[in-house]
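First comes the structure, then the notes that go with it.
Throughout, residue positions are numbered sequentially from 1 according to the sequence presented. All values derive from a computational prediction rather than experimental measurement.
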Amino acid sequence: MSVPKILHFPDRPQFSGFMKPCRVEGEVDNLEVNGDIPEDIDGTFFRVMPDPQMPPFIEDDPWFNGDGNVSAFRIEDGTVSWKQKFVRTEKFVREREAGKALLGKYRNKYTDAVRFKVRSTANTNIVHFNGQLLALKEDSPPYAMDPQTLETKGLYDFEGQLPSVTFTAHPKLDPETGEMVCFGYEAKGDGTPDICYYQVRPDGSFSDICWFVAPVCAMIHDFAVTENWVLFPLIPQLCDIDRLKAGGEHWQWSPETPLYIGVIPRRGPKPGDVKWLRWNNSFPGHTLNAYEDANGHIIFDLGISKQNVFFWWPDNQGLAPEPSTIISQLMRFTIDPNTTSEILPDPEILHTGNSEFYRIDDRFATQKHRHCFFDLMDPSLDTDFKTIGPRLGGGYPLYNALAHLDLQTGTSEIYFPGRTHLVQEPVFIPKSGSCVEGDGYLMALVNNYESMTSELHLLDLEDFTKARAIIHLPVRLRPGLHGNWVDGRDMQSV
């Protein structure tokens, strides 16, 4: 397939305003700071954004089909430095050599201009494990990067151990055992319902590999892990290989398909152990955490929407919700792993607000948590949408505040960054020497639509409603997907 060289980005919302591609690599030391950064913060906030280096030849390319561009915010001695580099995927290198886009539709290799060995954009998450900084996209293996320089090392198959052709964008790190819990869906290739589950020990060796089959070939963007169980929520966005071969979209919303949650033992599972429990047709978003209560029941907290959040992939009638009507809420499923029923009990709503991008104090992952942090759209706040609207661009869920929910007291706090600001995903930073859950700081990138630049806001959990520090960037960073905090000691121990 021959494609022309496209000299500018399409006149579409996902390529305009704040969503205009950034395409910047570089570094800046001593970023400007209003306020003060506590001296006990020593580490790096890594995040990745989809950022196309070349204008696509697909006119209505979704915003998250761009190349992975990784930022590293190094915080030490009260100062912040910033470094940013593209992941040198096969796609990135070959397109740079050709001087034009070669990748076709999102996750449809049949629309590409050339054949790729591995089609990854490495643009969804960035995690640090066993000395490797891993840039992740759930349709392919990770790309390894140097955590200090952000130089790309290459595709990473865990020294030849990776059993599946795909790898999750949301691996879970167990703070007690040091294991990384992982899986791949469409694990035998596009359109396959196969799932491959496995754990990676702290030394990098694999264990508990188990292959099993989902009831439908659906998206599994996120999952959850307890001490003894693993849960796989299936989003009713389904793949059909014949549709792909005909040049269609990878995903299509299925209003007839229920929400399935697969449950398997975490250690030593066998294919026949999986239980597929179902609830009403709904969209499971990002997970907060899961753990087991005193009765052995699994407590599973995640975002749930009753509508198709990925509205740009409608159903087979072309129907999709109006984006402004989509609401996601933090909900809790209580699951008996030994149940003989296939029906999930109705979930409890933990927070009634429209929320997403849920985080906890990661030191309590797989265990009972008290503190929840997330993005919130609160229409009662004084956000100036008249100013933001023309500069917004499209394709990104909008949140105007950060929220802290205390599940023990039932109280919540809100941080409002400003009338012309919207927030991205937060990360939690523990205070040095403290083992108390929630004793620390919250950090998030914030879009400033007045200056059209990005800011990094740091909150002290002791006074959540105002910023401890605002770090100013001299550039605009396109909205990203995910990121993580890495303690400086973990970087030095490699």
Next item on the list: Heavy atoms only: give me the nearest P321-F311 pair and the separation to one decimal.
Entry: O-CB, 3.8 Å
Notebook entry, point to check: Do the side chain of S454 and the main chain of L477 share a donor and acceptor less than 3.5 angstrom apart?
Noted result: yes
Next item on the list: Would you check if the side chain of R478 reaches a backbone N or O of N69 as a donor-acceptor pair within less than 3.5 Å?
Entry: no
Item checked: Check: V93 main-chain N/O paired with R88 side-chain donor or acceptor under 3.5 Å -> no
Notebook entry, point to check: Atom CZ in F232, atom CD1 in I220: separation rounded to 0.5 Å?
Noted result: 7.0 Å
Note to self: Going by the rule salt bridge (Lys or Arg N to Asp or Glu O under 4.0 Å), which residues pair with E90 if we only count those two or more places apart in sequence or in a different chain?
What the structure shows: R94
Check: Which heavy atom in A224 sits nearest to a heavy atom in A290, and how many Å separate them?
Finding: CB-CB, 3.8 Å
Show me the donor-acceptor pairs, under 3.5 Å and distance only, between side chains in residues 340-348 and residues at least two apart or in other chains.
residue	atom	partner	partner atom	Å
S341	OG	I343	N	3.1
E342	OE1	R278	NH1	2.8
D346	OD1	W279	NE1	2.7

Next item on the list: Supply the atom-to-atom distance L459 CG to H457 NE2, rounded to the nearest 0.5 angstrom.
Entry: 8.5 Å
Next item on the list: Check the side chains of D40 and Y441 for a donor-acceptor pair under 3.5 angstrom, ignoring hydrogens and angles.
Entry: yes
Notebook entry, point to check: Would you say Y260's side chain and T257's backbone share a donor-acceptor pair under 3.5 angstrom?
Noted result: no
Notebook entry, point to check: About how many Å separate NE2 of H128 and CE of M491, when rounded to the nearest 0.5 Å?
Noted result: 5.5 Å
Margin query: For the residue pair N123 / D51, report whether a side-chain donor-acceptor contact shorter than 3.5 Å exists.
Written below: no
Margin query: Take a 6.0 Å sphere around NZ of K153 and say whether it holds more than 12 heavy atoms from other residues, nucleotides or ligands.
Written below: yes
Next item on the list: Look at the side chain of D273 and the backbone N and O of K270, then say whether any donor-acceptor pair between them is shorter than 3.5 Å.
Entry: yes
Check: Looking at D406 and R370, does any basic side-chain N land under 4.0 Å from a carboxylate oxygen?
Finding: yes
Notebook entry, point to check: Taking the inter-plane angle between the rings of W313 and F310 on a 0 to 90° scale, is it parallel (under 30°), tilted (30 to 60°) or perpendicular (over 60°)?
Noted result: perpendicular
Notebook entry, point to check: Hey, is the main chain of P62 close enough, under 3.5 Å, to the side chain of Q14 for a donor-acceptor pair?
Noted result: no
Notebook entry, point to check: Have Q84 and S71 got a donor and an acceptor in their side chains that come within less than 3.5 Å?
Noted result: yes
Check: Quick one: do the N280 and S282 side chains pair a donor with an acceptor below 3.5 Å?
Finding: no
Notebook entry, point to check: Hey, are D67 and K91 close enough for a salt bridge, meaning a charged N less than 4.0 Å from a carboxylate O?
Noted result: yes
Margin query: I'd like to check the salt bridge (Lys or Arg N to Asp or Glu O under 4.0 Å) partners of D222; sequence neighbours left out, ordered by chain and number.
Written below: K172
Next item on the list: Output yes when K105 and E249 qualify as a salt bridge under the 4.0 Å nitrogen-oxygen rule, no when they do not.
Entry: yes
Check: So F158 and F167, ring-ring contact (aromatic ring centres under 6.0 Å, His included) or not? Walk me through it.
Finding: CA-CA 11 Å; F158 297 87; F167 185 87; 5.6 Å; yes
Notebook entry, point to check: What's the spacing between W251 CH2 and C239 SG if we round to 0.5 Å?
Noted result: 5.5 Å
Notebook entry, point to check: For the side chain of D112 and the backbone of G104, is there at least one donor-acceptor N/O pair under 3.5 Å apart?
Noted result: yes
Next item on the list: Quick one: pull up CD1 in I126 and CG in L481 and give me the separation to the nearest 0.5 Å.
Entry: 12.0 Å
Notebook entry, point to check: Is it true that a side-chain atom of N108 and a backbone atom of L244 form a donor plus acceptor pair closer than 3.5 Å?
Noted result: yes
Note to self: Quick check on the 6.0 Å ring-centre criterion: do F223 and Y185 meet it?
What the structure shows: no
Notebook entry, point to check: Looking at the rings of W312 and F64, which for Trp means the six-membered one, are their centres under 6.0 Å apart?
Noted result: yes
Next item on the list: Identify the two heavy atoms, one from I360 and one from N289, that lie closest to each other, and give their separation to 0.1 Å.
Entry: CD1-CG, 3.7 Å
Margin query: Quick one, L103 with T121, criterion side-chain contact (heavy atoms from CB on, under 4.5 Å). Give me CA distance, side-chain angles, the key distance, then yes/no.
Written below: CA-CA 10 Å; L103 195 85; T121 51; 4.2 Å; yes
Checklist line | Partners passing side-chain contact (heavy atoms from CB on, under 4.5 Å) against R267 (at least two apart in sequence or in another chain) | finding: T177, E179, Q199, D208
Next item on the list: Without swapping roles, check the side chain of Q237 against the backbone of Q252 for a donor-acceptor pair under 3.5 Å.
Entry: yes
Check: Around atom NZ of K431, are there more than 12 heavy atoms of other residues, nucleotides or ligands at under 6.0 Å?
Finding: yes
Next item on the list: Flag the pair F428 / H371 as yes when their ring centroid distance falls below 6.0 Å, and as no otherwise.
Entry: no
Note to self: Looking at every non-hydrogen atom in both residues, tell me the closest pair between E292 and E227 and how far apart they are.
What the structure shows: OE2-N, 3.3 Å
Margin query: I'd like to check the side-chain contact (heavy atoms from CB on, under 4.5 Å) partners of E176; sequence neighbours left out, ordered by chain and number.
Written below: D174
Check: Sequence neighbours excluded, which residues qualify as salt bridge (Lys or Arg N to Asp or Glu O under 4.0 Å) partners of K368?
Finding: none
Note to self: Has E76 got a side-chain atom pairing as donor or acceptor with D42's backbone, closer than 3.5 angstrom?
What the structure shows: no
Item checked: Test item: side-chain donor near acceptor, H369 and E437, under 3.5 Å -> no
Check: Could R363 and D361 be called an ion pair, given the rule that one side-chain N must be under 4.0 Å from one carboxylate O?
Finding: yes
Notebook entry, point to check: Would T192 and I241 satisfy side-chain contact (heavy atoms from CB on, under 4.5 Å), going step by step from the backbone distance to the final call?
Noted result: CA-CA 8 Å; T192 61; I241 192 67; over 6 Å; no
Next item on the list: Output the distance between atom CD1 (I304) and atom NZ (K306), rounded to the nearest 0.5 Å.
Entry: 10.5 Å
Note to self: Less than 3.5 Å apart, any donor N or O on the side chain of N447 or Q424 sitting next to an acceptor on the other?
What the structure shows: yes
Next item on the list: Using side chain to side chain contact (heavy atoms under 4.5 Å, CB included) as the criterion, point out the one residue from E25, M49, M145 that pairs with V70.
Entry: M145
